[in-house]
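Presented below is the structure to which this report refers.
Numbering of ligands and ligand atoms starts at 1, following listing order.
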Amino acid sequence: MTHRKPFVAGNWKMNLDRRSAVDLVARMREHLGSRTDVDVAVFPPAVYLDEVGRAVAGSPIRFGGQNCCDEEAGAFTGEISAAMLSDVGCPLVLLGHSERRHVYGETDELVQRKVGVALGHGLEVVLCVGETIEEREGGKTEEVCRRQLTAGLSGVAEGDMPRITIAYEPVWAIGTGHTATPAQAGEAHGYLRGLASGLYGEGVASGVRILYGGSVKPDNVAELMAVPDIDGALVGGASLKAELFLPIMDLGKH
Ligand code: PGA
């Protein structure tokens, strides 16, 4: 069986300020030391990327944009390009987050274009998918995950798959305190891995990391991580405070 190194990422959304962002990564850096048993990343607000990049330089902590534009450059007021993320040294970008899809109306097609542009600029993509509560209750969880994943990956060549991480984030679990049970998450992750296998073959699919996101906390991370198809966590609220995020980086083991 392919070993997939756990990956814990903090999505700060529109939170923190310059000072608290730098303090938080300093605490993370100190806690992590030179450990290599887990991959750690943060997704700061774009205006702090440069500063966070400097604060993590030389450490194993990576950082990325929370979004990027589907266009290369030009008259797109308010947008940030993949080239700009790459220019400030970001290795990563988060795409298709449910807040982008549901608050800002991003479609599968738009997310797909963003994935293509981001990969074209050498970025690694964390591609988020997940169903709303109405979709889950309507028995549409798999249909939604299939639609979002297949669209998001539709332009992605097999050779680029090592630069893709999938995040399963049920919308009803995000910021609500209602974490998916390990069984619910495991079922969705297994389904997503099966889809990846159908698209790229089992060898590729068994190497893709699939993160769970939605109310991950220090006291539920261990049980989620115990599920074979869950390879890490994408953490919102609990990534904003060192006392919550450091134990999550430890996967709840200490
Ligand atoms: P949450 O957010 O941990 O606050 O539920 C997760 C996310 O939106 O990535």
- Message: Can you confirm whether the side chains of H31 and D250 place a donor and an acceptor under 3.5 Å from each other?
- Response: yes

- Task: Would you mind checking which non-hydrogen protein atom is closest to atom 3 (O) of ligand 1, with the distance to 0.1 Å?
- Result: G236 N, 2.8 Å

- Query: Does ligand 1 have an atom that lies less than 4.0 angstrom from a heavy atom of A173?
  - Reply: yes

- With R146, the side-chain contact (heavy atoms from CB on, under 4.5 Å) member among L192, V129, L195, T141: L195

- Task: Any chance you could lay out the side chain to side chain donor-acceptor pair (under 3.5 Å) test for E131 and W172, step after step, and finish with the verdict?
- Result: CA-CA 8 Å; E131 81 288 358; W172 47 271; 2.8 Å; yes

- Message: Between H97 and E106, do the side chains contain a donor N or O and an acceptor N or O under 3.5 Å apart?
- Response: no

- Message: Check for me whether S215 has a heavy atom closer than 4.0 Å to any atom of ligand 1.
- Response: yes

- Message: Distance under 4.0 Å to a non-hydrogen atom of G214: what atoms of ligand 1 satisfy this?
- Response: 5 (O)

- Message: Show the atoms of ligand 1 that are less than 4.0 angstrom away from any heavy atom in H97.
- Response: 7 (C), 8 (O), 9 (O)

- Note on the structure: For atom 4 (O) of ligand 1, the closest protein heavy atom turns out to be G237 N, 2.8 Å

- atom 2 (O) of ligand 1: which of K13, K217, E169 has the nearest heavy atom? K13

- Query: Thinking salt bridges, do R19 and D17 make one under a 4.0 Å N-O criterion?
  - Reply: no

- Item | N11 contact mode with ligand 1 (heavy-atom cut-off under 4.0 Å) | side chain

- Query: Can you tell me if CD on E187 sees more than 12 non-hydrogen neighbours from other groups inside 6.0 Å?
  - Reply: no

- Query: Are any of the N or O atoms of A238 closer than 3.5 Å to those of ligand 1?
  - Reply: no

- For the residue pair Y168 and Y212, does the interplanar ring angle fall in the parallel (under 30°), tilted (30 to 60°) or perpendicular (over 60°) class? tilted

- Query: Which atoms from ligand 1 have a heavy atom of G175 less than 4.0 Å away?
  - Reply: 1 (P), 4 (O), 5 (O)

